[in-house]
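Shown next, in structure tokens, is the structure this report addresses.
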Amino acid sequence: MTEAPPVVDPSAHAGASAGGAGEVANVAAVSEFAKRVIANVEHAIVGKRKQLVLSLVAWFSGGHVLLEDVPGVAKTMLARALAKSIGCQFKRVQCTPDLLPTDVTGTSIFNQKEAEFEFRAGPVFTQILLADEINRATPRTQASLLEAMAEGCVTVDGTTHVLEKPFLVIATQNPVDHEGTFPLPEAQLDRFLMRFSLGYPSMEEEMRMLELLQHTHPIDRLPAVATAKELIAAQAEIRKVHVDPRVRQYFLQIIEQTRRHNDLALGGSPRATIALFRCGQAMAAIRGRGFVTPDDIKRVLSPVMNHRLILRPESRLRKVTTESVLQEIVSEIAVPTVQA
């Protein structure tokens with residue numbers, strides 16, 4: 001089907017919001033916040049602008065990020081740089097097969113002096129948690145993160161502890177070396193708002209990286225340029241970004257087609273629809289707009305959807321990928337025209 005070029009008149013939405021209550025999103029503050037963080041991280045991480053933007057889209061949307069790539073491409077370093085830039089409380093868990101759920105959530109220990117049990121919080125009680133090589137932890141330990149990621153709280157010994165906001169998880173995994181690993185089940189993959197890779201740097205980027213690393217690692221000198229309060233405020237602002245009904249119809253058609261596609265055994269769920277909606281709002285705000293365009297949806301479509309779709313076995317044998325399926329679906333759906 002021939003795509004019609006999107007025409008959007010900003011003035012048509014000047015007083016509108018996603019909720020229709022007349023609130024106008026302060027997208028200038030969100031955009032400035034994003035530029036500040038990205039510029040700071042790029043003092044330590046070279047050539048990853050696209051991944052930095054996607055990470056902030058996920059965080060502004062209140063979601064979690066799964067970084068999946070080969071060893072040595074700065075997955076952990078990117079997570080550390082983002083955490084340092086935002087200035088939130090940060091903890092790291094190195095996942096191994098002998099890591100227990102209580103090593104993540106914490107446990108109750110008997111205090112002999114007080115003659116009572118007291119709760120010792122685990123590393124999940126933080127604002128930004130880095131779960132390094134998450135697929136090396138056992139399924140039981142992986143599951144210990146589910147409640148925290150989905151509900152923002154942890155239940156230990158019948159007592160529910162609310163986690164401090166913002167609570168964000170950045171997990172990394174190596175898709176190449178499968179020895180001693182436990183692949184994440186679909187239920188836990190779905191808890192991650194986005195999954196994307198970093199890729200190898202170009203020769204020019206790698207040359208720049210060597211210059212930065214000649215004396216000390218630049219991440220050690222990276223300052224905090226934002227606060228948790230600013231991040232929480234940005235999360236509230238993106239919910240005011242206007243999404244035109246025709247743009248909503250556009251990405252709903254994409255979701256519907258994933259459920260009917262012959263190469264897919266499992267299409268997008270309503271959670272995927274909400275994820276696209278929220279990420280589209282965040283992408284628009286980062287780009288300084290108070291309304292979502294179809295291009296915003298296209299930019300976030302692959303990282304939001306590729307880990308939520310399951311290919312049929314025969315499609316895998318034909319080397320079909322979820323990325324190619326999404327491209328095919330998008331090419332067949334007309335882009336909506338939004339006019340004043």
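Nothing here was measured: the structure is a model prediction, and the numbers come from that model.
The closest donor-acceptor contact from the side chain of Q51 to the backbone of F196 lies at 3.5 Å or more, if one exists at all. Between the S324 side chain and the T321 main chain, a donor and an acceptor come within less than 3.5 Å of each other. Checking side-chain atoms of E42 against main-chain N and O of A39 turns up no donor-acceptor pair under 3.5 Å. Side-chain N or O atoms of T181 include none that pairs as donor or acceptor with a backbone N or O of P183 at under 3.5 Å. A side-chain donor-acceptor contact under 3.5 Å links S31 to the backbone of I286. A donor-acceptor pair is defined here as one N or O able to donate and one able to accept, closer than 3.5 Å; such a pair exists between the side chain of D296 and the backbone of T293. In this structure a side-chain-to-backbone donor-acceptor pair under 3.5 Å is present from R312 to N262. Formation of a donor-acceptor pair under 3.5 Å by the S108 side chain with backbone atoms of F117 is not found in this model.
With no hydrogens or angles considered, no side-chain donor-acceptor pair links S144 and T105 at under 3.5 Å. The closest side-chain donor-acceptor pair between T322 and N306, if any, does not fall under 3.5 angstrom. A side-chain donor from one of E133 and Q94 sits under 3.5 Å from a side-chain acceptor of the other. For Q249 and R246, the side-chain atoms include no donor-acceptor pair closer than 3.5 Å. A donor-acceptor pair shorter than 3.5 Å cannot be found between the side chains of R259 and Q257. Side-chain contact of S197 with E68: a donor-acceptor pair under 3.5 Å is absent, judged by distance alone. In the model, T107 has no side-chain atom that pairs as donor or acceptor with a side-chain atom of R120 under 3.5 Å.
Linking Ile, Leu, Val, Met, Phe, Trp and Tyr whenever their side-chain heavy atoms come within less than 4.5 Å leaves F192 and L130 in two separate clusters.
Contact check for V243 versus F251: side-chain heavy atoms found under the 4.5 Å cut-off. Within the 4.5 Å cutoff, side-chain heavy atoms of L66 are placed close to those of I134.
Exactly one residue among K240, R239, Q235 makes a side-chain hydrogen bond (donor to acceptor under 3.5 Å, both in side chains) with E237. That residue is K240. With D132 as reference, R92 is the one residue of Q173, R92, K75 to meet the side-chain contact (heavy atoms from CB on, under 4.5 Å) rule.
We find that R191 and E186 are not joined by a salt bridge, their nearest charged nitrogen and carboxylate oxygen being 4.0 Å or further apart. A salt bridge links D190 with R308: the closest approach of a Lys/Arg side-chain nitrogen to an acidic carboxylate oxygen falls below 4.0 angstrom. Salt-bridge check for E205 with R208: failed, with every basic side-chain N at 4.0 Å or more from each acidic carboxylate O. Using a cutoff of 4.0 Å between basic side-chain nitrogens and carboxylate oxygens, D263 and R318 are scored as salt-bridged.
A distance of 8.5 Å separates CD1 in I297 from OH in Y250, rounded to the nearest 0.5 Å.
Shown here is R316, whose CZ atom has more than 12 heavy atoms of other residues, nucleotides or ligands within 6.0 Å.
Taking the six-membered ring where the residue is Trp, the centroids of F119 and F125 are separated by under 6.0 Å.
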